[in-house]
Amino acid sequence: MFLLTFALLALSFSFVLAVDPCIPTPGGWQDLDDAPSINAAIVSCGARGTIIIPANSIFNIRSPIDFTPCQSCDFQIEGTVQVGHGNWGFWAKKDFFQFKGVKGARVRSVTGTGVVDGNAIEYYTQRFDSGMFEGTNAFFGFTDQSSEIRVENLVVKNVMHRFFRIIGNSTNIHLTNLTLSSVEQWGAYPRNEQDTVGIEIGEASNIDISAIDISFQAAQRTRGPVGVCIAFDRGARSITVRQITCTGAFGGVLVQMASIGWNYGTPSPVAVENIHVSDLDVDASLATGIVTYPAVTTLRNLTWENVYVRNGNPAPVELCWYKSHSFTPWFSTCRESVNMTVREVLFKGYRGKVQETPASGVSWPYTPYNNMTSVELRYEDWVPGTVE
Ligand SMILES: *[C@@H]1O[C@H](CO)[C@@H](O)[C@H](O)[C@H]1NC(C)=O
Ligand SMILES: *[C@@H]1O[C@H](CO)[C@@H](O)[C@H](O)[C@H]1NC(C)=O
Ligand SMILES: *[C@@H]1O[C@H](CO)[C@@H](O)[C@H](O)[C@H]1NC(C)=O
Ligand SMILES: *[C@@H]1O[C@H](CO)[C@@H](O)[C@H](O)[C@H]1NC(C)=O
Ligand SMILES: *[C@@H]1O[C@H](CO)[C@@H](O)[C@H](O)[C@H]1NC(C)=O
């Protein structure tokens, strides 16, 4: 009898679990962690099912959302998922939405009302005073060969460090129609340069990014540009980026080895290749180009096309960039010893606050680094104009 009851209970329990879509219920307080109920929904409906964060609801998370059970799941955010306040030490080295080896996922708002709020203004204003922690985390972290993932139609704001980070040989990742913004960021140059990154890509391939609006704004008291809109680090390959606006940033869309960390990535003969960026409207100190930490490697086949420059240096290329402004002695020894090849780089169709088309050539317009390094850049169709 007992066994029979148990079996019936188990049966009805699994029946309840199998209901699709799964709609978790929020606890209603920032101090309550809604992650376990969202994670339970992903466990129940993750295999080709649908999970819905309903409209007009607020879910507070105080621990990561684990998408591992998701196989071709559809995760719909129509309400708000926000990070519970005051837990920053806990998050220091953890991603918030974790995609570890996930094959197939769609994260989106169907109705257009979905918001993901990193809630980190409190963190931005405190961290340097308290000297809290080193390192950066991602809100959406794609690792461990995740693949076939689409994120679309969402507003994401005020995350701790990175909105999206794609690493771990992840592939076939599609990000489209997203608004990424942060306000009240620490703006005291140069600490802020790398504090925030919109989309950061390391060892990963076949990434398609389109229709993304990225804006960063420093706090009034510190001012200055903040963060980098899109950074390609070591291992980034086969990437198309189009229709991007980038506002208030230090860096626009840049190749930037060491964005993820000083020793990030497996050394390989070609570090970054096959990147095509087009239709970019950018207001940043460094709009496009290559500003990187040096490595013995090659960067190749990088194109920026149709770029409207509102502000800043349109297309700098400096292989000894990192911390060059704060460590001048390092900069000159770096330039003497850097051993790198940069080729098939094209900056085409630049408008706005730009000069006439620069001359193409090897190592132009910089003095050659040394006899081990070659930098080949091409420039086409630059037309200076007034910026509205
Ligand atoms: C883009 O996303 C917003 C919500 O963030 C939505 O309102 C809008 O309809 C979406 N546009 C397209 C073309 O899907
Ligand atoms: C990615 O793949 C390369 C080449 O197979 C390998 O050397 C590297 O360790 C991998 N990286 C990760 C993080 O899996
Ligand atoms: C250059 O990169 C683009 C964009 O990824 C790719 O379509 C093209 O085939 C690459 N060309 C070469 C010669 O590698
Ligand atoms: C420079 O890098 C090449 C590989 O790209 C390597 O063969 C060469 O030994 C390096 N030179 C020095 C001085 O490190
Ligand atoms: C490169 O320059 C160094 C001095 O800067 C010199 O000792 C070396 O012989 C040069 N190598 C070649 C291949 O020209």
Side-chain angles (χ1 to χ4, degrees), residues 53 55-56 74-81 95 98-103 106-117 138-147 150-157 163-181 198 200-215 233-239 242-245 257 260-261 263-273 279 292 294-300 319-320 333-343 368-376:
I53 300 296
N56 305 313
D74 189 352
F75 190 89
Q76 301 176 1
I77 304 177
E78 311 304 341
T80 297
V81 177
D95 295 346
Q98 300 181 350
F99 295 80
K100 296 183 183 173
V102 172
K103 309 278 180 251
R106 193 170 185 191
V107 180
R108 59 173 173 156
S109 175
V110 176
T111 61
T113 52
V115 174
V116 174
D117 188 348
F139 198 95
F140 286 82
F142 303 104
T143 64
D144 303 271
Q145 301 174 40
S146 287
S147 62
R150 252 184 109 84
V151 182
E152 60 198 314
N153 300 358
L154 285 173
V155 171
V156 187
K157 57 189 185 183
F163 287 78
F164 291 86
R165 176 182 280 159
I166 310 173
I167 55 174
N169 291 329
S170 293
T171 187
N172 294 322
I173 311 285
H174 193 121
L175 310 180
T176 189
N177 191 30
L178 303 171
T179 302
L180 316 181
S181 68
E200 184 175 66
I201 305 171
E203 282 180 329
S205 62
N206 296 321
I207 315 291
D208 190 66
I209 296 169
S210 63
I212 316 279
D213 188 355
I214 307 176
S215 76
D233 202 337
R234 204 198 278 260
R237 56 195 79 237
S238 300
I239 297 169
R242 57 192 196 283
Q243 277 178 273
I244 308 293
T245 59
M257 287 193 290
I260 294 169
N263 298 315
Y264 173 73
T266 311
S268 61
V270 179
V272 179
E273 67 179 335
D279 303 316
T292 185
V296 182
T297 189
T298 293
L299 310 175
R300 66 166 285 273
L319 308 182
C320 292
T333 51
C334 170
R335 281 192 137 245
E336 284 158 18
S337 60
V338 59
N339 181 0
M340 207 157 149
T341 301
V342 178
R343 60 187 165 84
Y369 290 79
N370 54 53
N371 56 14
M372 297 177 287
T373 291
S374 116
V375 179
E376 175 211 314

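Each ligand, and each atom within it, is numbered from 1 in the order the structure gives. Not measured: the values here are computed from a predicted model. Sequence positions, counted from 1, serve as the residue numbers for this chain.
- Of the N and O atoms on the side chains of Glu203 and Thr266, at least one donor lies less than 3.5 Å from an acceptor on the other residue.
- Atom 3 (C) of ligand 2 has Asn169 ND2, 3.6 Å as its closest protein atom, hydrogens excluded (heavy atom only).
- Counting heavy atoms only, Asn177 comes closest to atom 10 (C) of ligand 1 of the residues Val155, Thr179, Asn177, Asn153.
- When each of Asn153, Thr176, Asp74, Asn177 is paired with Arg108, the side chain to side chain donor-acceptor pair (under 3.5 Å) condition holds for Asp74 and for no other.
- Of the protein's heavy atoms, Met372 SD, 3.2 Å lies nearest to atom 13 (C) of ligand 4.
- The closest donor-acceptor contact from the side chain of Ser238 to the backbone of Asn206 lies at 3.5 Å or more, if one exists at all.
- For ligand 2 and Gly168, the ligand atoms under 4.0 Å from any heavy atom of the residue are 13 (C).
- Protein heavy atom at the shortest distance from atom 8 (C) of ligand 2 is Thr266 OG1, 3.6 Å.
- Ser268 is listed as a side-chain neighbour of Arg237, based on a closest heavy-atom distance under 4.5 Å.
- In terms of protein heavy-atom proximity, atom 2 (O) of ligand 4 is closest to Asn339 ND2, 2.4 Å.
- Residues Thr298 and Arg343 approach most closely at CG2-NE, 4.2 Å, considering heavy atoms.
- For Phe140 and Phe164, the ring centers sit closer than 6.0 Å to each other.
- Counting protein heavy atoms only, atom 4 (C) of ligand 4 is closest to Val296 CG1, 4.1 Å.
- Nearest protein neighbour of atom 7 (O) of ligand 1, counting heavy atoms only, is Gly112 CA, 3.7 Å.
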